[in-house]
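Written out below as structure tokens is the structure these notes cover.
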Amino acid sequence: MTTNLDIIRATYEGPSEENGKNLLAVLTPDATWTETAGFPYAGTYRKTGKAMTATFAHLYQLKEGRILSMEQYVDSHRVQQALLAD
């Protein structure tokens, strides 16, 4: 039996390409995906050349083995500091 934790782990713990395929396979057609306000999508902060480490959490809601929603929580202050040039 596959648990909700197994489903989510399969979207994080393998190679990026495999994780993406696993995620697409378990998203409901009307799934919602909410990134924290002010959080850039991968790579946009690299223009400043600053490294960034920020604590985050993803809250998932699943039903019958499919992802209904994901909401991200992150220390947006650290993200914004990485975005800003000195």
Side-chain angles (χ1 to χ4, degrees):
M1 180 177 170
T2 302
T3 67
N4 286 347
L5 184 56
D6 293 332
I7 292 165
I8 299 304
R9 279 187 172 155
T11 69
Y12 284 95
E13 295 182 348
S16 293
E17 184 176 304
E18 185 178 314
N19 294 347
K21 288 178 185 176
N22 291 339
L23 177 61
L24 289 175
V26 295
L27 285 174
T28 61
D30 58 344
T32 60
W33 197 270
T34 306
E35 302 280 341
T36 299
F39 191 81
Y41 200 69
T44 55
Y45 65 91
R46 290 179 186 149
K47 291 180 181 181
T48 65
K50 294 181 180 179
M52 179 202 51
T53 302
T55 301
F56 71 92
H58 289 164
L59 176 62
Y60 286 90
Q61 182 180 11
L62 287 84
K63 183 177 180 182
E64 298 174 0
R66 309 275 317 263
I67 296 172
L68 296 171
S69 66
M70 187 288 292
E71 189 160 354
Q72 177 193 53
Y73 299 88
V74 68
D75 181 350
S76 58
H77 177 72
R78 287 192 178 266
V79 174
Q80 290 303 311
Q81 292 301 323
L83 286 167
L84 300 173
D86 290 328

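Being a predicted model, the structure only gives us computed values, none of them experimental. All heavy atoms count here, side chains included; hydrogens, waters and symmetry mates do not.
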Distance, nearest 0.5 Å, that separates CD of Glu71 from CG of Leu59: 6.5 Å
Approximate separation, where rounding is to 0.5 Å, of Ile7 CD1 and Arg66 CZ: 9.5 Å
Gln61 side chain to Ser69 backbone, donor-acceptor under 3.5 Å: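 Checking the backbone N and O of Ser69 against the side chain of Gln61, no donor-acceptor pair under 3.5 Å is found.
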Partner set under side-chain contact (heavy atoms from CB on, under 4.5 Å) for Asn19, not counting sequence neighbours: none
For Ala25, side-chain contact (heavy atoms from CB on, under 4.5 Å) partners two or more places apart: none
Nonpolar side-chain network containing Leu68, other nodes, edges under 4.5 Å: none
Pairs flagged by salt bridge (Lys or Arg N to Asp or Glu O under 4.0 Å) wherever residues 11-22 is involved - sequence neighbours left out: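 Residue pairs with at least one partner in residues 11-22: Arg9-Glu13, Glu17-Lys21.
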Within residues 10-31 or reaching into it, pairs that qualify as ring-ring contact (aromatic ring centres under 6.0 Å, His included) - sequence neighbours excluded: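 Qualifying pairs, neighbours excluded: Tyr12-His58.
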Single-linkage hydrophobic cluster, 4.5 Å side-chain cutoff, Val26 and Trp33 together: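 Yes, because Val26 and Trp33 connect within a single hydrophobic cluster, where side-chain heavy atoms sit under 4.5 Å apart.
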Leu24-Met70 co-clustered via ILVMFWY side chain contacts under 4.5 Å: yes
Closest heavy-atom pair and its distance - Leu23, Ile67: CD1-CD1, 3.8 Å
Residues in side-chain hydrogen bond (donor to acceptor under 3.5 Å, both in side chains) contact with Thr3, at least two apart in sequence or another chain: Asp6
side-chain hydrogen bond (donor to acceptor under 3.5 Å, both in side chains) partners for Thr28, two or more places apart: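 Counting only residues at least two positions away or on another chain, Thr28 forms a side-chain hydrogen bond (donor to acceptor under 3.5 Å, both in side chains) with Asp30.
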